[in-house]
Amino acid sequence: MTNPLHNKHIISIADLSRDELELIVATAKQLKQQPRPDLLTNKVVASCFFEASTRTRLSFETAVQRLGGTVIGFDSGGNTSLAQKGETLADSVKVISSYTDAFFMRHPKEGAARLASEFSSVPVINGGDGANQHPTQTLLDLFSIYETQGTLEGLNVAFVGDLKYGRTVHSLAQALSLFGCKFYFVSPAALAMPDYLCEELNQAGVNFEVVDDLEAVIPKLDVLYMTRVQKERFDPTEYQHMKANYILTARMLSNAKDNLKVLHPLPRVDEITTDVDATPHAYYFEQAENGVYARQALLALVLSEEFA
Ligand code: CP
């Protein structure tokens with residue numbers, strides 16, 4: 001049986017249907033339970049990070065290698081020979097994609113992955129483009145939610161922190177909007193969810209509330225998705241003013257439902273105190289590990305026609 005993701009570019013979570021998201025989550029579960037070390041034999045995948053990364057790059061490269069494939073690429077935060085020599089992204093992509101079977105990239109500019117997909121001869125997977133989208137983070141978030149809640153359907157989910165620049169919350173809200181979830185948006189006013197996304201959610205009939213008091217909303221929640229203020233997108237004075245508006249402590253979780261899981265795309269700065277780590281609600285380190293399985297699932301489906 002062919003699968004609908006074979007040879008597909010993965011640029012925005014909005015490009016994926018509910019069925020495709022469920023297929024990726026089911027495949028991640030399967031690969032976590034039953035490793036497939038030969039699935040990408042003879043496949044070469046480019047890992048091109050024009051912006052810094054730890055989790056996305058390393059879990060992606062681990063995913064390729066554990067499936068039997070080979071990784072080439074760079075992680076120089078834009079200080080590549082390509083950038084130094086003034087080569088355009090389009091030319092870089094044309095060349096690198098001619099060496100590989102898939103092209104995984106992160107770039108500081110919104111729209112860079114979409115642009116790359118127009119010049120690539122192989123599928124492009126977006127590992128984060130500016131403040132826009134981070135679809136593979138959303139896949140591991142969905143897998144972690146499914147793993148801990150047993151469903152993606154009808155959950156109460158709070159998004160907390162930098163909802164303006166946090167690309168992970170943009171992608172996750174779009175994905176969970178397909179599953180009848182209720183959203184609570186908790187952020188300083190200057191870091192609110194962008195209007196275009198709220199409009200999109202409204203048009204999709206999604207039930208969401210903007211709330212100020214994080215503690216008051218915690219007892220209602222199944223998932224509490226914390227994020228850091230995106231320091232790299234502010235000047236230093238502005239950042240000092242914005243950071244640490246919402247800090248989650250273990251005490252604030254005393255009235256949480258048993259099934260509540262706290263997720264965070266990481267890195268954490270100071271928005272979750274370390275005493276939360278010892279509570280049964282903390283799931284962010286398992287979530288980071290799930291990045292390997294979710295990215296394995298995506299690679300398997302994009303690169304292997306018969307895999308489904
Ligand atoms: N969650 C995430 O994208 O982390 P990195 O920036 O380390 O890849």
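Numbering of ligands and ligand atoms starts at 1, following listing order.
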Cationic N near anionic O, under 4.0 Å, [X] to [Y]:
X      : Y      : answer
Glu215 : Arg251 : yes
Arg268 : Asp277 : yes
Lys29  : Glu22  : no

ring-ring contact (aromatic ring centres under 6.0 Å, His included) partners of [range], not counting sequence neighbours, each pair once:
range            : value
residues 188-208 : Phe185-Phe208
residues 102-140 : Phe49-Phe104, Phe50-His107, Phe60-Phe104
residues 2-48    : none

Can you work out which protein residues put a heavy atom within less than 4.0 Å of ligand 1?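 Within 4.0 Å of ligand 1, the protein residues are Ser53, Thr54, Arg55, Thr56, Arg106, His134, Gln137, Pro265, Leu266.
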